Amino acid sequence: MADVSTAADTVRRALAGLEPRVAIVLGSGLGALAGAVTSPLRIPYGEIPGFPQTTVHGHAGELIAGMLEGVPTILQSGRFHLYEGHAPDAVALPVRVFADLGIETLIVTNAAGGLRSTFRPPLLMLIADHLNLMWRNPLLGRVQSGEERFPDMSTPYDQGLRDLARKVALENGIALEEGVYAAVLGPSYETPAEIRMLQRLGADAVGMSTVPEVLVARARGLRVLGVSSITNPGAGMTSDRLSHEGVLQAGRHLAGDLERLVRGVVGGLAAA
Ligand code: HPA
């Protein structure tokens with residue numbers, strides 16, 4: 001079990017007095033947002049006790065803290081995935097550190113396959129709810145300090161933040177869908193039969209991340225906003241083959257809209 005307070009102490013020292021209110025987890029190929037932070041402080045994972053190294057191309061490995069739209073913010077550039085072989089509590093460690101730092105709002109982004117037949121990727125989708133089909137949960141075992149044994153998950157993604165995101169999208173002419181994200185273990189992409197199954201289960205998007213972080217965030221009482229970059233139609237929905245390179249490329253295509261959306265939401269929090 002990773003020691004949250006040791007990691008949090010190290011990050012707090014590196015922040016030199018900056019007290020972030022918002023944390024943002026950047027998904028595959030969505031790292032451009034890091035450039036928007038002013039006077040960034042960079043904390044490489046290697047300097048944080050208990051943080052594993054990331055192994056996925058397209059994911060750096062550092063926390064970046066500074067001001068975003070006037071709000072003290074910390075970005076997680078490079079997330080840990082279960083498919084890399086990391087334990088669920090290692091995947092969720094950064095969120096526990098953010099909670100220890102006093103962060104109130106967590107914004108999670110990811111790349112995902114689109115399952116709704118009307119989706120024409122690439123596009124952005126607000127996560128309204130999720131299906132945990134990873135069969136893993138970082139809350140298993142001893143209850144960690146500040147967490148509940150049986151956290152309520154009836155509103156995993158905060159309604160107020162979703163309303164704010166929709167307002168920002170409307171004002172900026174950003175197309176924004178909304179739907180249910182299904183999390184699977186990966187790392188293989190789905191088969192066409194699995195895609196049909198997920199569609200029947202009520203999923204609008206499928207990906208290999210996010211849910212472990214959201215489970216911990218809710219157990220800690222953080223407000224969560226989730227945005228998926230829908231980079232491709234699910235396997236078998238078109239004749240296209242899936243590749244990580246294609247996912248990264250489509251993610252880059254959406255990066256501008258995603259950055260404007262997230263900056264608008266963070267700016268809206270400052271105004272609130
Ligand atoms: N499936 C799972 N994860 C993904 C996909 C997908 O089609 N696209 C991007 N991440």
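If you read the sequence from its start, that first residue is 1, and numbering goes on from there. It should be emphasised that the depicted structure is a prediction, and the values quoted were computed from it without experimental measurement. Just follow the structure's listing: the first ligand is 1, and inside any ligand the first atom is 1.
Atom CZ of Arg200 sits in a sparse spot, with 12 or fewer heavy atoms from other residues, nucleotides or ligands closer than 6.0 Å.
With sequence neighbours left out, Arg166 forms a side-chain contact (heavy atoms from CB on, under 4.5 Å) with Leu126, Gln159, Asp163, Leu176, Glu178. Arg263 meets the salt bridge (Lys or Arg N to Asp or Glu O under 4.0 Å) test with Glu69, Glu259; sequence neighbours excluded.
Pairs of residues two or more places apart, or lying in two chains, that qualify as ring-ring contact (aromatic ring centres under 6.0 Å, His included) and include a residue from residues 142-175 are His130-Tyr157.
Using a 4.0 Å cut-off between charged nitrogen and carboxylate oxygen, Arg220 and Asp100 count as a salt-bridge pair.
The aromatic rings of His86 and Phe80 sit perpendicular to each other, their planes meeting at more than 60°, with 30° as the lower class boundary.
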Close N/O pairs between ligand 1 and protein, under 3.5 Å:
unit_1	atom_1	unit_2	atom_2	d
ligand 1	1 (N)	Glu190	OE1	2.7
ligand 1	1 (N)	Glu190	OE2	3.4
ligand 1	7 (O)	Asn232	ND2	2.9
ligand 1	8 (N)	Gly113	N	3.3
ligand 1	8 (N)	Asn232	OD1	2.7
ligand 1	10 (N)	Ala111	O	3.4

